Amino acid sequence: MNKQCEKVIDYFNDQLTEIDKKQFEEHLATCDACQEELKELQELTEDLPFISEPVTPNEGMKDRVLGNILQEEQEKTDEAATPNFKPKPQSKRKYQTWIQNGLAAALLLSLIGNIYLLNQPADNPDSETAATIDEIINSVSLEDTEIMNAAGRASIVQNNGEKVLLVQAENLQKIEGDQAYQVWLLEDDKPYRAGTFVPNQAGEGAVAFSLSELEKSNVNWDTIAITLEPSADNQEPQGDIILAAGIES
Amino acid sequence: MNEQDVTWYQNIQNGDQRALEALYDKYEKLLFSFVYKMTQNREVTEEVVQDVFLKIWTKKGMYDPSKGKFSSWLLTISRYTAIDFMRKKKDSKDFSLEERDATHVDDTSLEEEVEWKEDTKQIKQAMKQLKKDQQKVIILFYFKALSQQKIADQLGIPLGTVKGRIRLALKHLKEKLHMLEEKRGDINE
């Protein structure tokens, strides 16, 4: 009995960290007992969904769901045809990158039929990056304020449906103590944190921030601002705005 | 019924929107009910169901008919999609056991829907025959998809005994189910 064998339950429930999951999958490839246990869990649980009490789906759900799915398909086609990228209308759907873990997926699929965690988090860059292309959806230059003569640019880049905010700034003053530069996206006047950075010796700083969480929360930001904060973990902006610009979500 | 699903699935792979709609119509309520039982949140449930159908529509060749029933596969995908969404929204709510909004449960039943008729009746009966603590193990493990540690915490039992408890509860459930099926004597598979 290997220590890895104790992880079967957490693997079945997709509760392992990425590292633990990889380690377990390596172990699984050679452990008959774990393969057997996973298969058994699958068999023993296959009827369980039918215990669920019947619930009427949300009103209008079918139209929304199918509409969103087909709309995305349409947008993909449009994007392929026109090089000029238009900002997407706000859609309820939140894209995720799902990546099938090549070897592990093939292994599991062959072992225990069609069960596999198809929902890999997006931090497995190896398998799909070659086939995807980054596209700039929106890019604005940031205006400096009286505080310092800084300059910067913010861009929203889309890769395979996931939007990332990229911010670069220069001519930044050196920080002192716990200070850090903080990026905010503002919806009306409500700020949402969008990354933290400290400048290098040359006064340059940059941030890449995934927008999927904000999109998921349906935040419609209209402004980006960079502040100099007294500490890196402020939840609300306290410091002065250094750079700002309007930017569409 | 599985052949119909497989045909639809294959047509969907070829971009047939009507097949997508047919598949959606057939499974909407089952998936919604199942995912709602896991997430206890209607909005999240809709997102999960949409994500599942988006995968079916855009990802080619995910389902392999030689590996088992389409419905089992679909439910498995839905479960893992739900787990993923629950992880991302873990701040939104602690999904408690007893919490259940009665107004959300309708008076029709999954039994009226197509082929999962018999499945539904018998598994529910079998579940009722289990002891309460075994039912709880199954809910925490399968529907809440908690980690071993969290299950141990919730049940107040040592971590090392969680796996054994889960297997025992599941096996009891399966036995009860078999007994019910034998009693009916109409096993089709």
Side-chain angles (χ1 to χ4, degrees), chain A residues 5-10 12-16 37 40-62 64-70 72-73 76 92-96 98 100 105 109-110 112-121 161 212-213 216-217, chain B residues 17 20-21 24-25 28-30 32-34 36-37 42 46-47 49-51 53-55 57-59 62-64 67-68 72-73 75-77 79-81 83-84 88 104-106 108-110 116 119-120 123-124 127 138 141-143 145-148 162-163 166-167 170-171 173-174 177:
Chain A
C5 298
E6 293 162 16
K7 295 184 185 165
V8 171
I9 295 289
D10 287 340
F12 184 84
N13 277 353
D14 196 14
Q15 297 297 318
L16 295 174
E37 262 188 77
E40 188 189 50
L41 282 175
Q42 169 68 5
E43 285 166 3
L44 288 172
T45 56
E46 65 183 354
D47 301 312
L48 285 174
F50 297 97
I51 291 174
S52 313
E53 298 80 0
V55 183
T56 307
N58 298 336
E59 179 123 22
M61 175 171 157
K62 178 181 169 182
R64 282 192 299 277
V65 166
L66 293 180
N68 287 338
I69 291 172
L70 298 174
E72 256 166 39
E73 187 73 5
K76 266 189 207 148
K92 267 204 95 175
R93 233 208 65 68
K94 290 88 201 173
Y95 249 128
Q96 289 157 307
W98 352 286
Q100 299 188 25
L109 286 169
S110 62
I112 50 174
N114 277 301
I115 84 157
Y116 185 61
L117 327 181
L118 282 135
N119 249 334
Q120 305 298 327
S212 46
E213 283 301 315
K216 194 167 282 178
S217 314
Chain B
Q17 294 185 9
L20 181 71
E21 188 179 352
Y24 181 88
D25 284 341
E28 181 192 50
K29 189 165 177 183
L30 176 65
F32 196 89
S33 304
F34 174 41
Y36 183 77
K37 187 168 178 71
R42 288 185 155 262
E46 180 169 331
E47 285 177 27
V49 172
Q50 179 168 303
D51 205 55
F53 280 96
L54 185 79
K55 284 172 190 168
W57 183 243
T58 55
K59 286 263 165 182
M62 284 202 306
Y63 168 65
D64 177 353
K67 301 280 167 58
S72 305
W73 173 82
L75 288 162
T76 302
I77 298 298
R79 179 170 180 268
Y80 284 119
T81 305
I83 291 174
D84 201 43
K88 285 173 188 157
H104 286 159
V105 180
D106 68 16
T108 62
S109 125
L110 288 180
W116 47 81
D119 291 343
T120 309
I123 187 78
K124 277 187 181 161
M127 186 76 169
I138 289 174
F141 162 65
Y142 187 75
F143 290 98
L146 297 181
S147 66
Q148 278 189 106
V162 171
K163 189 160 85 178
I166 291 168
R167 290 182 66 191
L170 291 174
K171 283 194 164 163
L173 183 69
K174 203 75 173 179
L177 194 60

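In what follows, every chain begins at residue 1, and chains take the letters A, B, ... in the order their sequences are listed. Please read all numbers here as calculations on a predicted model, not as lab measurements.
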Contacts of type side-chain hydrogen bond (donor to acceptor under 3.5 Å, both in side chains), residue B:Lys171, not counting sequence neighbours: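 A:Glu40.
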
A:Glu46: partners by side-chain hydrogen bond (donor to acceptor under 3.5 Å, both in side chains), with sequence neighbours left out: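 side-chain hydrogen bond (donor to acceptor under 3.5 Å, both in side chains) check on A:Glu46 returns nothing, list empty.
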
Candidate pair A:Val65 and B:Glu28, rule side-chain contact (heavy atoms from CB on, under 4.5 Å), full reasoning: CA-CA 10 Å; A:Val65 166; B:Glu28 181 192 50; over 6 Å; no

Looking only at heavy atoms, what is the nearest atom pair of [X] and [Y], with distance?
X: B:Lys29; Y: A:Pro57; answer: CA-CG, 4.2 Å
X: A:Ile51; Y: B:Lys37; answer: CG2-CE, 4.3 Å
X: A:Ile69; Y: B:Gln50; answer: CD1-O, 3.9 Å
X: B:Phe141; Y: A:Thr45; answer: CE2-CG2, 4.0 Å
X: A:Leu41; Y: B:Leu170; answer: CD2-CD1, 3.9 Å

[X] with [Y]: basic N within carboxylate O range, under 4.0 Å:
X: A:Arg64; Y: B:Glu46; answer: yes
X: B:Glu47; Y: A:Lys216; answer: no
X: B:Lys163; Y: A:Glu37; answer: yes

Atom group of B:Phe53 that falls short of 4.5 Å from chain A, counting heavy atoms: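 It is both, since atoms from each part get that close.
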
Contact winner vs chain A - B:Lys174, B:Glu21, B:Gln148, B:Arg79, heavy-atom pairs under 4.5 Å: B:Gln148

B:Lys88 and A:Glu213: CA distance, side-chain angles, deciding distance, salt bridge (Lys or Arg N to Asp or Glu O under 4.0 Å) verdict: CA-CA 8 Å; B:Lys88 285 173 188 157; A:Glu213 283 301 315; over 6 Å; no

Find out whether [X] and [Y] are in side-chain contact, i.e. whether some heavy atom of one side chain is under 4.5 Å from a heavy atom of the other.
X: B:Phe143; Y: A:Ser52; answer: yes
X: B:Met127; Y: A:Phe50; answer: no
X: A:Leu70; Y: B:Gln17; answer: yes
X: B:Arg42; Y: A:Val55; answer: yes
X: B:Leu146; Y: A:Asn13; answer: no
X: A:Glu53; Y: B:Ser33; answer: no

Nearest-0.5 Å distance, [atom1] of residue [X] to [atom2] of residue [Y]:
X: A:Asp14; Y: B:Asp84; atom1: CG; atom2: CG; result: 6.5 Å
X: A:Leu66; Y: B:Asp25; atom1: CG; atom2: CG; result: 7.5 Å
X: A:Thr56; Y: B:Tyr36; atom1: OG1; atom2: OH; result: 11.0 Å

Aromatic ring pairing A:Phe12/B:Tyr142, orientation class (parallel under 30°, perpendicular over 60°, tilted between):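 Tilted.
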
Heavy-atom contact with chain B under 4.5 Å, split by part of A:Glu43: backbone

Toward chain B, the part of A:Leu48 with a non-hydrogen atom under 4.5 Å: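 Both backbone and side chain.
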
